[in-house]
Amino acid sequence: MVPLSWYLAVAAVLFVLGLFGVLSRRNAVAILMGVELMLNAVNINLLAFWRYTQPENVAGLVFAVIVLTVAAAEAAVGLALFIALYRLRESVNVDEIQLLKG
Amino acid sequence: MDVLKPQIGDWWHALLQGAGLSSGWIVFLDALVITLILLGLGLTSVLFAVWLERKLAARVQDRLGPNRVGPYGLVQTVADALKLLTKEDITPDNAERLSYNLAPGLAVFAVLMLLLVIPFGPGLIGADINVGVLYLVAMGSVGIMAILMAGWSSNNKYALLGGFRAVAQLLSYEIPMILAMSVPVLFAGTMSMEKLVEQQAHGRWFGVVMPAAFFLYFLAALAENERTPFDLLEADSEIVAGYHIEYSGMKFAWFFLAFFLNTLILSAIATTLFLGGWRGPFVEQVPALGIFYFLAKSFVLVFAFMWIRATFPRLRIDQMMAFAWKVMVPTGLVLVLVAAVFVKLPVAPLVRDVLLFLVNVFILLVVAGLVGRHLRLQIKRLSEGAAVVS
Amino acid sequence: MILKVVFLLVSLFTVGSALMVVTHKNLFSSALFLVASFFGVAALYVLLEAEFLAVAQVLIYVGAIATLIIFAIMLTRGMMSGRTSPRNDQAAWAGLASVVLGLVLLYVVVFRVQWPVVEKPVPPDTIEQLGRALVGRYVVPFEVASVLLLAALVGAVLIAREKEV
Amino acid sequence: MLNTLNVVRLLPELILLVTALVVIFVDLYARRRTALWLLPGVSIAGLVLAFVAAFAQWGAQEVVAGTLAADSFAFYFKLVAAVTVVLVILASVRYMRERTRFLGEFYAFLLVATLAVFVAVSATDLITVYLGLETLSIVSYVLTGFLRDDKRSNEAAIKYFLYGAVASAIMLYGFSLLYGLTGTTDLAEIARRLQAGDVLANLEWVAWPAVILAAVGFAFKASLVPFHQWAPDAYEGAPTPVTMFLSTVSKATGFAVMARVFLTAMPSLGEYWMALLYGLAILTMTVGNLIALRQTSVKRMLAYSSIAHAGFILMGLVAVTAPAGGHPFNGLDGVLMYVVAYAFTNAGAFAVVAAVEDGTGDATLDNFAGLIARAPFLAAAMLIFLLSLAGVPPLAGFAAKLFVFAPVVRQEYYALAVVALVNAVVAAGYYLKVVKQMFFVEVPERPAFAVARGMRWALWLMIIGVFGVGIFMNWFAFMSVRSAAGMLGL
């Protein structure tokens with residue numbers, strides 16, 4: 001069987017890559033993609049822990065299902081906001097929106 | 001490996017073991033053979049379906065249809081395929097090459113993957129996974145991805161419009177489709193395709209017990225398959241073929257293949273979920289009959305698909321969306337609710353089935369009545385408006 | 001052994017796609033790599049014997065989230081013109097910080113901690129258990145999640161709909 | 001499993017949910033003129049009912065369906081949230097009427113947000129904690145960006161969304177590590193497992209990552225520095241009633257969840273998270289105040305001031321101790337006192353801002369000039385709220401500060417106490433700037449303006465609240481001590 005730490009390593013790398021995307025991108029949609037990668041990393045963690053430490057207790061699975069659901073809701077609202085933003089200013093680059101400053 | 005059970009599988013395994021192969025190789029060869037069988041079954045059916053569609057459309061339009069190549073033009077499709085193969089393969093200048101080239105393959109792949117969980121006959125199933133129905137739905141979304149890729153990467157506004165419509169239409173109709181599919185799942189208490197067929201023994205087909213759910217699935221499948229009256233993705237008279245406008249030659253053939261495979265598979269799913277799958281008289285004695293029954297039932301549905309395509313006009317996009325969200329989704333929700341209540345109803349199965357049938361017919365009638373009333377009102381309003389103008 | 005090789009291939013594919021997601025210049029290609037990465041993660045779930053989650057992953061992430069993202073990209077297509085760099089000014093710092101954080105995480109999570117691993121098979125009725133848990137102990141989260149989905153649906157429509165004339 | 005579910009305990013949540021649906025249907029079928037008063041009326045009625053349902057169960061102590069606690073701690077926050085949201089609704093009647101057509105959705109979203117708060121503050125399972133917080137966040141994004149044709153509202157929502165999504169992902173990673181280490185998502189069970197032998201050996205390596213990563217999510221909701229960047233923008237750009245909600249209820253929820261997770265799941269990691277919060281508290285109040293000093297928009301100034309106040313609230317958590325011999329100053333009761341005092345005061349200040357925006361179009365310092373002549377009631381109300389924010393006795397702010405300073409001193413965290421004291425003085429400085437502008441700057445040519453009726457009621461209620469908390473300090477202290485004890489398991 002594949003050792004648990006391998007899964008954790010993949011998850012950690014995925015998480016960090018997502019974080020890098022979040023920090024380094026200008027485009028709001030690209031940032032959202034980074035967030036999705038991070039959430040995927042979390043789910044890998046949850047499922048790996050479920051499989052390797054508690055396969056008979058479904059708490060980890062439930063958690064992962066909830067994360068999936070919330071991710072969908074979050075993406076829907078976020079993308080709606082981006083579309084509204086694009087309507088208002090023809091751009092979704094986050095460093096170009098700075099009406100609010102101080 | 002319980003595939004191809006019972007006789008052929010044992011014979012085949014004995015043969016392999018006799019040849020002195022290790023178990024790893026046997027698993028591999030098993031998988032290979034299953035893949036080949038499924039592919040063969042799928043692709044020959046497509047050849048036949050294309051011919052059928054052309055013949056049928058011709059008959060509806062009072063023409064003869066293909067009649068030159070082979071008897072009754074049966075080999076016409078092969079000739080067409082060969083022609084497409086030799087045509088020039090064009091890639092638009094500013095196309096996004098990777099996704100442009102990947103899209104047709106992905107479209108076919110998404111559909112072929114569906115073959116994996118369809119029980120063509122007793123034991124003749126690629127893999128009986130316990131989330132089979134969910135798998136079907138999930139793979140359906142990959143098909144949407146292929147259309148989006150094709151629509152975007154062609155760098156053509158009509159293709160892009162096709163892509164937009166794909167999201168709007170396919171995603172919207174996926175919801176009533178899932179609702180309709182979850183009715184038999186709820187009733188059978190399983191998502192495994194194999195077990196769903198098992199539950200429909202003795203002619204107690206879910207499609208008969210719950211005609212409304214079957215009808216809902218059928219309509220949603222029409223839309224998922226981009227067939228008239230829901231063929232807005234390619235609507236040749238509006239957006240000149242939509243997402244595959246730029247494709248030619250082999251790549252176009254792939255889309256074409258995916259389209260027909262999809263027709264077959266949507267029918268096959270309907271057969272499995274609602275029409276008892278491979279069940280029929282004497283299947284227990286002669287398992288091979290199962291395949292025949294399965295294909296026969298599926299092709300009845302395919303026939304219905306084609307008939308509708310040849311007869312109906314296309315809907316407008318707002319009508320289509322309104323139909324999905326205002327008619328089909330509520331109906332689907334009601335049906336799921338009804339099924340959930342009836343599953344727990346403490347009466348004899350036969351009584352329950354009859355009651356469920358009656359409720360389903362009632363729901364169908366009510367929905368049809370409401371839609372009809374709405375349409376009549378619209379027509380009346382339109383004609384009054386026209387009267388004022390003139 | 002075979003499992004390990006498969007795992008390595010799948011995770012290489014997943015991580016590679018993820019890398020392309022965060023570095024590719026073209027937003028649309030990024031989104032496609034995101035889809036690839038989602039598939040890789042689904043494959044990892046299969047390796048973890050969580051078939052239900054794997055299928056749900058494809059259904060929700062590929063079928064809903066990625067499709068929405070691509071749809072949003074298509075709707076706002078003017079925004080990915082090549083005028084400016086897709087990276088912001090702090091990209092270098094972000095890279096550095098990410099690498100450091102990644103190394104720390106890897107060191108801690110992979111090498112330091114002894115996770116309480118047990119060698120147990122997955123019970124065959126896991127999906128049934130999951131279903132029962134969702135209407136049993138976890139019924140409140142389940143219901144709240146449905147409220148959340150409804151609210152998100154209404155909210156998204158409210159914010160993104162066309163201006164009325 | 002279902003028959004063990006005590007539905008009565010979920011009554012407040014169910015009432016809110018039903019009310020939200022009723023509001024949507026009223027919006028669908030009522031005529032516009034009727035809807036204008038019926039929608040807020042129905043919403044307030046639902047909140048009052050939820051308040052009653054929560055109040056009737058005060059003193060209960062049980063776990064509902066394994067994932068929600070029905071204890072005094074949760075009920076305390078539910079009561080505060082219900083009251084504050086009533087005030088928010090009163091304040092938003094005219095404000096929203098003039099800015100959007102979608103009033104039904106607005107009130108329904110406020111109710112769903114309150115529902116999310118109810119779930120989050122009583123969550124005893126990592127899953128419900130996450131789901132409650134995230135539902136609150138997602139609904140808040142929509143509320144913040146509700147005026148979708150207003151660039152500032154949209155921008156505020158997008159910043160809020162991006163920070164929030166990242167923070168919640170980071171928090172989740174921390175949760176997943178906790179789950180991996182303990183094999184459970186139940187908070188009390190986690191605490192038990194954290195003391196087991198096999199886990200202890202690994203604790204030093206997982207403790208920091210788990211605590212820090214989880215704290216990021218809470219710190220985001222409570223807008224602690226350095227996870228505060230979204231707050232000023234969101235507070236300024238959001239419709240002002242929504243700002244009232246975000247800066248009070250939403251923030252209080254962050255603290256409630258933080259307190260519950262840290263105290264019930266990781267009491268054995270106390271030294272880790274207390275050290276972390278100690279640093280965050282100092283950072284938060286100092287940075288918040290320093291930036292607030294140089295703001296020209298009152299709305300934005302209040303936004304930074306509310307960040308600074310989060311630092312004060314945090315002091316209570318840093319100094320949490322078991323209440324020895326019924327001693328009132330155990331830190332946690334300070335948090336609770338501060339939350340209720342702050343809810344009235346800050347909501348009041350933002351309500352005045354909303355009223356001024358309604359009357360003059362904007363909320364810069366300049367718009368407040370000579371307010372005493374143009375809208376004397378508003379000016380007087382603002383004076384009371386600002387004094388309370390500054391911590392002048394006998395107002396609510398004083399009681400709140402007393403209850404967080406006392407435990408800090410008792411714990412002998414003198415450095416923290418001194419920093420907090422200096423900060424309180426600095427804050428008084430910029431509050432007085434607004435007072436000076438309102439009372440001593442004369443601008444003759446500006447017209448007077450009236451205050452909407454709902455707003456006037458809301459302001460009166462909040463003034464009463466500010467005085468009430470300050471004068472009947474003992475009663476509130478009693479309540480908060482009891483609810484704190486309820487959660488600390490005493």
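Note that the structure is a prediction, hence the values are computed from the model and not measured. Sequence lines set the chain letters: A, B, ... in the order given, protein chains first and strands last, and positions in each chain run from 1.
Ranked by heavy-atom pairs under 4.5 Å with chain C, the list A:Leu4, A:Leu19, A:Asn45, A:Val62 is led by A:Val62. Contact count against chain A (heavy-atom pairs under 4.5 Å) is highest for C:Pro121 among C:Ala133, C:Pro121, C:Ser146. Chain C forms the most heavy-atom pairs under 4.5 Å with one residue out of A:Gly18, A:Ala73, A:Ala12, and that residue is A:Ala73. The candidate from C:Leu12, C:Leu68, C:Val99, C:Leu105 with the greatest count of non-hydrogen atom pairs under 4.5 Å with chain A is C:Leu68. Between chain C and the options A:Ala48, A:Ala75, A:Ala84, A:Ala11, the largest number of non-hydrogen pairs under 4.5 Å is found for A:Ala48. When each of A:Val77, A:Leu68, A:Leu14, A:Val22 is scored by its heavy-atom pairs under 4.5 Å with chain C, the top score falls to A:Leu68. Each of A:Val70, A:Leu37, A:Ile66 has some count of heavy-atom pairs under 4.5 Å with chain C, and the biggest count is that of A:Leu37. Interface check for chain A: of the options C:Ala97, C:Ala31, C:Ala145, C:Ala92, the most heavy-atom pairs under 4.5 Å are formed by C:Ala31. The most heavy-atom pairs under 4.5 Å with chain A, out of C:Leu53, C:Leu158, C:Val157, come from C:Leu53.
With a threshold of 4.5 angstrom between heavy atoms, A:Leu17 approaches chain C through its backbone and through its side chain. The contact between A:Ile44 and chain C is made by backbone and side chain atoms together, counting heavy-atom distances below 4.5 Å. Heavy-atom distances place both the backbone and the side chain of C:Leu130 under 4.5 Å from chain A. With a 4.5 angstrom heavy-atom cutoff, C:Tyr61 touches chain A only via side-chain atoms. Of the atoms belonging to C:Leu47, heavy atoms from both backbone and side chain fall under 4.5 Å from chain A. For C:Leu34, the part lying near chain A is the side chain, with the backbone staying farther off; criterion is any non-hydrogen pair under 4.5 Å. With a 4.5 angstrom heavy-atom cutoff, A:Asn43 touches chain C via backbone and side-chain atoms both. Of the two parts of C:Ala64, neither the backbone nor the side chain holds a non-hydrogen atom closer than 4.5 Å to a non-hydrogen atom of chain A. Neither the backbone nor the side chain of C:Phe111 comes within contact range of chain A, judged by heavy atoms closer than 4.5 Å. In this structure, chain A has a heavy atom under 4.5 Å from the side chain of C:Ile60, while its backbone stays farther away. Heavy atoms closer than 4.5 Å to chain A are found nowhere in C:Ala66, neither backbone nor side chain. Neither the backbone nor the side chain of A:Ala41 comes within less than 4.5 Å of any heavy atom in chain C. Within the 4.5 angstrom heavy-atom criterion, atoms from both the backbone and the side chain of C:Ser30 approach chain A. Using a 4.5 Å cut-off between heavy atoms, A:Leu61 touches chain C through backbone and side chain atoms alike. Within the 4.5 angstrom heavy-atom criterion, atoms from both the backbone and the side chain of A:Tyr7 approach chain C.
Taking every heavy atom of both residues into account, C:Pro116 and A:Thr53 meet most closely at O-CG2, 3.3 Å. The two residues A:Ser5 and C:Val110 come nearest to each other via the heavy atoms CB-CG1, 3.7 Å. In terms of heavy atoms, A:Val16 sits closest to C:Gly102 at CG2-CA, 3.4 Å. The two atoms that bring C:Leu48 and A:Trp50 nearest to each other are O-CZ3, 3.6 Å, heavy atoms only.
Not one N or O on the side chain of A:Arg25 forms a donor-acceptor pair closer than 3.5 Å with the backbone of A:Leu32. Remark: the backbone N or O of C:Phe33 is not paired with any side-chain donor or acceptor of C:Ser37 at under 3.5 angstrom. Formation of a donor-acceptor pair under 3.5 Å by the A:Arg51 side chain with backbone atoms of C:Tyr45 is not found in this model.
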Problem set entry | Verdict with supporting geometry, C:Phe7 and A:Val10, side chain to side chain contact (heavy atoms under 4.5 Å, CB included) | CA-CA 10 Å; C:Phe7 172 87; A:Val10 172; 3.8 Å; yes

For this session: Go through A:Val58 and C:Arg132 one step at a time and tell me if the side chain to side chain contact (heavy atoms under 4.5 Å, CB included) criterion holds.
Result: CA-CA 10 Å; A:Val58 291; C:Arg132 289 192 188 282; over 6 Å; no

Problem set entry | Trace of the side chain to side chain contact (heavy atoms under 4.5 Å, CB included) decision for A:Leu47 with C:Gln57 | CA-CA 12 Å; A:Leu47 290 181; C:Gln57 161 92 5; over 6 Å; no

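For the atom pair CD of C:Glu51 and OG1 of C:Thr126, the computed distance is 8.0 Å after rounding to the nearest 0.5 Å. C:Phe13 CZ to C:Ser17 OG: the interatomic distance, rounded to the nearest 0.5 Å, is 4.0 Å.
When side chains are defined from C-beta on, C:Phe38 does not count as touching C:Val58, because their heavy atoms never get closer than 4.5 Å.
For A:Tyr52 and C:Trp115, the ring centers sit 6.0 Å or farther from each other.
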